[in-house]
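Just so you know, ligand 1 is whichever comes first in the structure, and atom 1 is the first atom listed for that ligand. What you see is a predicted model, and the numbers here were worked out from it, not measured in a lab.
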Amino acid sequence: MSKISEKLRYVGVNDLKKTAFEGMWPLPYGVSYNSYLILDGKTALIDTAEADFATEYMDNIRKELGDRKVDYLIVNHMEPDHSSLMKVIRETWPEVTIVANAKTVPMIKGYYGICDNVHIVKEGDSISLGASSLTFHMTPMVHWPETMMTYFDEEKTLFSGDAFGTFGALEGGVTDSVVRLHGSDVPTGNAFHAFADEMRRYYSNIVGKYGQTVQAALKKLSGLEISRICSTHGPVWEKNIPEVVSCYDRLSRYEGEKGVCIAYASMYGNTAKAAESLASELEKRGVPYAVHDLCTEHVSYAYRDAFKYDTLVVGAPTYNNDIFPPAYNFMYGIAARLMKNRRFAAFGSFTWAGASVKLLNGMASGLGFELLSDGLSFPQAFTPEKCDMGALADTIASQVTE
Ligand SMILES: Cc1cc2nc3c(=O)[nH]c(=O)nc-3n(C[C@H](O)[C@H](O)[C@H](O)COP(=O)(O)O)c2cc1C
Ligand SMILES: [Fe+2]
Ligand SMILES: [Fe+2]
């Protein structure tokens with residue numbers, strides 16, 4: 001499982017215990033914290049792993065190192081899921097040189113109190129490991145200010161940090177030709193297919209706001225010949241590089257596929273019935289869609305499909321002359337992710353004076369979304385006469401098949 005090539009070893013760990021990544025994102029298939037060891041004349045460790053896994057992680061490294069020591073620790077990213085074990089590495093091999101960029105240095109000091117033997121690198125700098133060398137590319141705000149990527153020239157391998165990462169623990173191996181998504185029955189050999197939904201959910205929830213800087217990074221990397229991508233989460237990509245890069249490119253351009261994300265919240269089921277009606281009208285017209293209940297499901301799944309599809313339809317009843325809070329929160333998150341290029345419609349039930357649909361339209365217009373209709377605000381119970389989802393589905397279908 002650990003040998004990627006003669007010189008490159010996987011020393012990361014699977015986390016199947018944590019229920020919420022960053023304290024908030026559900027992990028139905030777990031997550032991996034990937035770290036890599038290069039064995040050349042010198043040895044280099046790329047990032048570390050999460051604090052809880054110190055014993056397993058250090059065992060993984062020792063197994064590959066034998067009686068050698070770690071010469072360099074490359075710090076591509078300081079989020080603690082990758083930097084937590086830096087102090088253990090320094091205590092174990094006191095002479096290890098930490099390689100980091102200028103923005104990383106104060107973070108290393110602030111988190112771990114480490115100041116000495118830190119080698120500062122900037123764009124294009126290299127270090128030699130003997131026969132091979134590592135070159136550093138600054139990719140700020142993917143998704144922290146200090147994020148950088150490391151290129152291992154001899155094997156055309158990019159250590160990309162969180163970029164191209166995905167939720168989901170690794171089973172059966174680590175490279176995309178042998179790995180399986182833990183807990184999934186997608187057979188070996190279909191890694192991109194198996195991980196695509198969790199890749200979109202990881203991107204949309206964690207990196208989603210930084211489309212512009214991800215685009216800048218992709219542009220910068222386009223000059224590199226890449227035959228392997230080693231991200232900090234999920235599979236090592238060799239076979240599926242075109243699919244993975246195109247997925248990240250599309251997501252960071254906010255370019256949706258043809259289809260509809262229906263996200264709704266409902267207290268008593270009236271707005272829910274309207275959502276169901278829209279789903280069945282889209283089904284009849286052969287339009288792809290996904291429905292998310294913002295009251296019972298974690299919002300990360302709705303964000304995933306809001307990034308996936310080019311049309312967003314949001315349902316919320318009126319609540320104290322405002323948008324029912326779960327739907328307001330969802331829209332707030334859409335705005336916080338600087339979402340662009342979406343067609344939009346709103347719907348929702350009220351009892352005495354509807355306000356939610358107008359307010360949702362206002363939030364959508366503020367983001368530059370194209371409103372497909374004035375919205376469907378209806379009093380009390382849902383009926384097709386009061387809330388004509390067939391007409392909305394016709395409008396959507398005519399645009400989707402354009
Ligand atoms: C706490 C609360 C506040 C509400 N505020 C309003 C309101 O300001 N204006 C209004 O027309 N209806 C208001 N309603 C009524 C709901 O909008 C109405 O019951 C609607 O049908 C609920 O839709 P649902 O079945 O999809 O939850 C309120 C209901 C509750 C429980
Ligand atoms: Fe991160
Ligand atoms: Fe991470």
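- Aromatic ring pairs are classed by plane angle as parallel below 30°, tilted from 30° to 60° and perpendicular above 60°; the pair Trp237 and Phe195 is perpendicular.
- Closest approach between the Fe ion (ligand 2) and any N/O/S atom of Asp162 involves OD2.
- With ring centers used as reference points, Tyr303 lies under 6.0 Å from Phe330.
- Close contacts of ligand 1 with Thr271, meaning ligand atoms under 4.0 Å from a residue heavy atom, involve 23 (O), 24 (P), 26 (O).
- Using cut-offs of 30° and 60° on the angle between ring planes, the pair His233 and Phe21 is perpendicular.
- Sorting the N, O or S atoms of Glu79 by how far they are from the Fe ion (ligand 2) puts OE1 first.
- Among heteroatoms of the N, O or S kind in His77, NE2 lies nearest the Fe ion (ligand 2).
- Relative ring orientation between Tyr33 and His82 is described as perpendicular, the plane-to-plane angle rising above 60° on a 0-90° scale split at 30° and 60°.
- Taking both residues in full, the closest heavy atoms of Gly211 and Tyr203 are given as CA-OH, 3.6 Å, listed atom of the first, atom of the second, then distance.
- For the Fe ion (ligand 2), the nearest N, O or S atom contributed by His143 is named NE2.
- For Met267, a nitrogen or oxygen atom sits less than 3.5 Å from a nitrogen or oxygen atom of ligand 1, counting backbone and side chain alike.
- Considering backbone and side-chain N/O of Ala265, none are found under 3.5 Å from N/O of ligand 1.
- Per residue His82, closest N, O or S atom to the Fe ion (ligand 3): atom name NE2.
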